[in-house]
Every structure is written in C-alpha cells, then in structure tokens.
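Accompanying notes for the structure given below.
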Amino acid sequence: MAAVPASRSGRRVVLRGDGCHPPVVRRDTERLVGRLGAWTTLPHPDPSLRAAPGRRRLGQRLSARARGLAGAARRLGGAAVAPRAALDLRMDVGALRQHARGPRIPLGVALDAGRQRRLGLRGSAPGPAARRRRAARASWPSWDVAGLPWDRRARSEQPRLGSVAGPFALARRDEPGPCSGAMSSKPEKITPRSEDYPKWYQDVIREADLAEPAKVVKGCMVIKPYGFAIWEKIQRGLDSRFKDTGHENAYFPLLVPQSFITKEAEHVEGFAPELAVVTHAGGEKLEEPYVIRPTSETIIGHFFGKWISSHRDLPMLINQWANVMRWELRTRMFLRTTEFLWQEGHTAHATHEESKEEVRKMLGVYSEFAEGTMAMPVVRGIKTETEKFAGAAQSLCIEAMMQDGKALQAGTSHDLGQNFGKAFDVKFQSESGDLEYVWQTSWGVSTRLVGGLIMTHSDDEGLVLPPALAPIHAVVIPIYKNDEQKAAVMEAAQRLKKQLCAIDIAPQGVRYRDFIEVRIDDRDMRPGAKFYHWERRGVPMRIELGPKDLDKGQVCVKMRTGGTGKKEFLDAGAFVEGVKDRLDAYQAELLAAAQQRIADRTVTLDTWDDFIKTFKDDASTFAWCHWDGTSETEAAIKAETKVTIRCIPLPGQGPDAEPGVCIKSGKPSTQRVLMAKAY
RNA sequence: CGGGGCGUAGCGCAGUCUGGUAGCGCACUUGACUGGGGGUCAAGGGGUCGGAGGUUCGAAUCCUCUCGCCCCGACCA
C-alpha cells in the first residue's frame, strides 16, 4: 500500500452533490482524490453491497444519485468513493487506510491538520497555538497512556473494533449537515420570502445589521448602529411634527409605584400580566414594589394632577421619548420585544371635543408620516372594544399591510376620556368656576415601525429603505486596477461625495435639514462583494466609479430595487443635478408598490365559506366584512380562524357604510370592518 | 405553562452512541497576486467543550442536578 501524500493545503476531502446539480469537487479535493488512485479497488465494507467476491467499485450498487458522485470521483483519478445519497461526504485518508484492511470506513470524519499529523501524513510541526496548548497540558499531571491498549497512537495502526455502523449510517443526515455550511464561502444567505416569511424577516435584520437578539436578556434585542440610525430618523421626523403641533418633550420615571397601576380598573386588568416588578433595591425589600413602566399614563396622570389646577393650564401637551417594558411570552425583533423604545404623547384638555380633536390630529400625523416618509400605506380606523387600549374610552389606529398579508398596528391614538383624570384626581377650575376632571389623550408609536418598514419594502436580496429614512443614500464603489488608478478614482469619488453631501433632500415644510449621506467604500474587497454588502443594507443608490467613467465624465448608477443588470450610465454633472428628483421618484415608487400590494390583496367577503377559504392555514389578506358589533362574535371568529378585527374604518378608509349581515352570525350590521391576521 | 430542539473558537457546526492529544468551515490577522456582481494562494491568532456535583487512572463524551437560549402553541403594541 503506497503511502498517502497529504493534500498540500491540508483541507478535508469533501465531495458534495445534491442530486440536482453536478457534484461539487473542491480543487484541493481533486488533487487528493487524484492521489488516491491506489484504492480504486477497495472492497466495500458492507458485504451485501459487495456482490462479487473480492473487488468491486464502491459506486456500483448505489443509487443513481450516488453513482453520479462516485463517477465524478472516478473521473478525477479512479478513486472509488462511497457516497450516500445524502449529499455530503467526507472521507479521511486514515479511514481509507483502515478500510483497505477491512471492516470499517468512518465517514463524517474530517481530514484536518491534526488528524493528518496523527496519521503521520503531515510533516509540518504543530502550530504555535497547538504547541502552547500542548505544553500547558503537559504541565498538568496526567496519565501516561503510551503503549496501553487505549493509546490512540497504537490504535490508529489497527482496525477499530466495536460495532460497525457503516458509511451510510454514519453519514446520514436528514438536515443539511455541517459540510453544506462549511462549503459556503458566502455570508449567511437570506431565506426567500416564499419559502419562510418569518425566517426571511429575521435574516434581513441580521444581514442588514440592524439588530440582534440580546439572548442574555430574555426577549430583548440590541439595536445596532445601522438599525438605530433608522430609528433616529423616525424620531427626528416625528419629533419635529410633534413640536409643530404644539407639544413639548419631557421625561418621567422608569419606575412606577405599583399602586398607581391599580388605580384605573381596566388599565390594571390589561397590563397586570405583563408587568415586570422591582421588589428589592439597595439590598432591601421595598415597602411598595415598583413596576417598570409598560406605559406612562398613570405616573403622568399623577403629575398632571399636581400641575393642573385651572383651565389656564390647559391644554397640557406633553410627549415623552422613552423605553417601556412589557413581559411578552413570544417575541420578535422590532415587532414585539420585552423592552422597546417608543414615543408616548400625553395631553390633557378642558373639553371632550378638544381631546377628541387631539386624538384625530395625532392619528393624522402618524398616517401622514407612515405614508409620506415611510412609504407605508395605512388604513385609519377605530379599535373594537376588545382591541382598544386598556383604560381608554376609544382607540384609533393605523394598520399597515405586510407583504404576507398580515396586518401591523403601526400606531395608536387614544381618547382616554376622564378615566385617568378621575383615577388620579386631575381636576381644573373652569371659566365658570366649576371643578371638572380633565379630558386626556395618549398616543404612541414604537420601534415596531422599523419592523413595519422592513416588511413593507424589503425583498429577497435584503433590506430596502425609502430615501427619507435611509441612513445612507448613496454608496460609491471605486473601481481600480492599480495605485495610479486608485488615486484618480478616489479623488473623483471624494469630489462627487462633496457635491452630493451639499444637497438637502428634506421634504417641504419640515423644520430640519436632511442632507444626502454618502459613503465611499474603499475597503480592500472585490467590488462584487461590496455590491452585495450595501444591497443587503438597503442603500437606495449605488454609484460605481472606475477609470472608464472618469474618462467619459460619467457615473454608473444602480438603484437598489432595479434588477441586477439595471445600471445607468449618466453624465456626472447631470446626475448630481437630478439626484434629488431621482430619490424622490424612488421614494414614490416604493409607496406606489406598497399601495398596489394593499389594493391587490384587499378583498370584500360576504360568506363564511369564503372567509374560511381566504384565511385557511397561514394565509392572510385585508378583508372587508360585515360584523354584528358584538365581542362574542369577534371572539368566535378569532378562536376559529385567528383573524381579528383590525379596525372599524374611519370615513373614506374603507367601503362606504351600508347595511348588511354579519359574516359569522348573520345578524344585522351597519358597516364593514377590516379583518386580518395580525402581528 | 405544554410540545420540540440546542448549549464545543466571534458565527455556523463535527466529535458524544463506543471515555483516551480540541477539530472543521466561515469570519479575523499578515503578505502577495487580484479588482465593473460574493476572488486566489500562503502563513497565522483564537476554545479550562453552559455551570455544579458524581463515576473513572483519565470525561466534551457516561450518570445526577442546574442554568440559559431558540422554535411551535396559549397572551399581547
């Protein structure tokens, strides 16, 4: 038996095929297999597969798929390799050597550097790290195994005893094994939406580097810089609108005395199950526990009570940017996490008319922001009794449709009536001198908007962002072959960046400026790798800049959502001139596409049969249906189909009000409501 | 809380059945070549195997306990 030369690179032997594509044989494998010609005629370890006594090629009795693999191996040099239908085969030289003597051929064993050394196939000494580790180990007291039967150095020269599972059993793997992952030289791939929508969502967040699960804190997430930059732009856009509508920011404590929560009956009932409670502090048990705010109506109610005494103190218009905590059982990044960031507006008014007006006004701000800035169309409506905020008289909401047809409550605006005013004794003396309770509102949107943004626009290549919220609008990829070219290209890139960065693309009417943000990606990577990198992050515009472009005074521009080939070559000056329009058009395209989807996937249903059919399994759409207005029917529909009433549309947001019969109960109904499965 | 899966290098995972020198791929570092859609080669760095007990000459591997995470259900923005 000839000695087996080690593969030069020291890589494992890997053959891979999936039955659909030709087997993939790595180059180092090729070399090694080529040198294994000596074992062409090994006997198969399983006698049942060894039809003729003596010699037979291993591939012969195997399935067609496996034969394909074995065939590839033969073509490479005549080595006989027994694959199993499963696709990943690793075979180690030591195993082959054993196999040549007899009974066992362990697959799933790597031919790594260490193993090669052990088998005497690798001349080079262990690396420094290995040496250090070994030295450290040697200094510990240890049992000398030399010469004993369990000494592996001796054993490796003999066939291993014990049960022989055989190559197929050992290599069997119903799930893609480590090889398939190990074979990939690409970053983690993004699962296509059609295959697994929730998985796709997680993949996009990871690949775009928006956030990651905290893991060490249950149900929480870390919002990474790129993800937080999006949230910051959302904050800025909303905050300026709140200021424009007369609100002021303030901050209230994170901890709320437990007794506060219990003051409003419906409120405590709604939130009790998801409260996190602080019982100890400073090494001692607290006399009264604090709850970590799930929302701040109670503590703000308390302070409103102290601050408001006259109608002259009204309206009180406060907003708070804060974190809140709700102990959820199942979490999803951005959409539902234990801790999340949001904005909560709290206002107090002298009359119900005025507070109701505030509730509508802020819902208007939200919907304008959702559609204008996020390019996410929404339906404005009223929550049903069961879906409304715990403690509110009425809740308004905006509902967006995600790409899987499910609804996402993207913002809420509550008419609190006098409920909290009464609970916290927030009274004022009116012009007529009477003491009256204030009328309050609260309204909020959260980091959930980021989730909505992702699920509105992104595609199988990764994140897609509307320019109005993109932290980076354009990335310049310099193309060059040598230092000289690099210098010229980089200089041109800097010049272009300077021009672009001076352009303000803030929408009309806002009180802030929003300059185009440009990155020049001068990392030492292949241009292609950079393309994918920024594509996954949803950067709206990519500019390739190379020597040819410099010569012609042009730039190569590729918008994020165009197909791979859709590159435009534009005169550099004209491009800069028209870049704002270009971004505006892109923003408009995203909104139009989202509107189209919502239009395409919204249905009107009149029979329960159709309803069941529409929502069977995991499917969802927006469905306008008649409902008899009772919580019982609502609960029955939910129990049977998981579909909920997302909202009762405000005028103009759904079909015109017309009498009908409830889709479930058949009882009379005055108008259709929006039904869908929800996040 | 029920059902399922999993804790081994930064990430993804082999190795655990059958105890005997801690491995692979990606990522990372250095150098060279390369550069208009995920490059190649070479040389390197990095882990007391989730934790605690136990069995053993010897435990990632066997036993007991424990902690944590993910997925699927019941609750929710």
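Lettering follows sequence order; numbering is per chain, from 1.
No hydrogens or angles were tested; on distance alone, a donor-acceptor pair under 3.5 Å links the side chain of A:Asp549 to the base of B:G36. Within 3.5 Å, no donor on the side chain of A:Arg542 pairs with an acceptor on the base of B:G36, nor the reverse.
Shown here, B:G45 forms no base pair; nothing in the strands shown gives a Watson-Crick or G-U wobble contact with both key distances under 3.5 Å. Under the Watson-Crick and G-U wobble criteria, each requiring two contacts below 3.5 Å, nucleotide B:A74 is left unpaired. Base pairing analysis places B:G7 opposite B:C67; the two distances defining the Watson-Crick or G-U wobble pair are each below 3.5 Å. B:G38 makes up no base pair with any nucleotide shown, lacking Watson-Crick or G-U wobble contacts both under 3.5 Å.
Nearer to the 5' terminus of RNA chain B, by closest-nucleotide assignment, is the contact made by A:Phe531 (compared with the other of A:Phe531 and A:Leu335). Residue-to-nucleotide proximity on RNA chain B shows that, of A:Asn482 and A:Glu274, the 5′-proximal contact is made by A:Asn482.
The same atom, C1', is picked in B:C13 and in B:C70; the two are 16 Å apart, to the nearest Å. To the nearest whole angstrom, the two C1' atoms, one in B:G23 and one in B:G47, are 11 Å apart. Here, B:U55 and B:G19 have their C1' atoms 11 Å apart, quoted to the whole Å. Only the C1' atoms considered, B:G3 is 43 Å distant from B:G45, to the nearest whole Å.
A:Thr412 is linked by a side-chain hydrogen bond (donor to acceptor under 3.5 Å, both in side chains) to A:His414, counting only residues two or more places apart in sequence or in another chain.
In this structure, A:Asp551 places its CG atom where more than 12 heavy-atom neighbours from other residues, nucleotides or ligands lie under 6.0 Å away.
The pair A:Arg326-A:Glu339 fails the salt-bridge criterion, with no side-chain N (NZ, NE, NH1 or NH2) lying under 4.0 Å from an Asp/Glu carboxylate O. A salt bridge links A:Glu212 with A:Lys224; the closest basic N to acidic carboxylate O contact falls under 4.0 Å. Checked for salt-bridge contact, A:Glu544 and A:Arg542 meet the test: a charged N lies under 4.0 Å from a carboxylate O. Looking at A:Asp203 and A:Arg206, a side-chain N of the basic residue comes within less than 4.0 Å of a carboxylate O on the acidic one, giving a salt bridge. Salt bridge annotation for A:Lys642-A:Asp617: absent, with no cationic side-chain nitrogen under 4.0 angstrom from a carboxylate oxygen.
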Under-3.5 Å N/O pairs linking protein and nucleotides 5-7 of chain B:
none

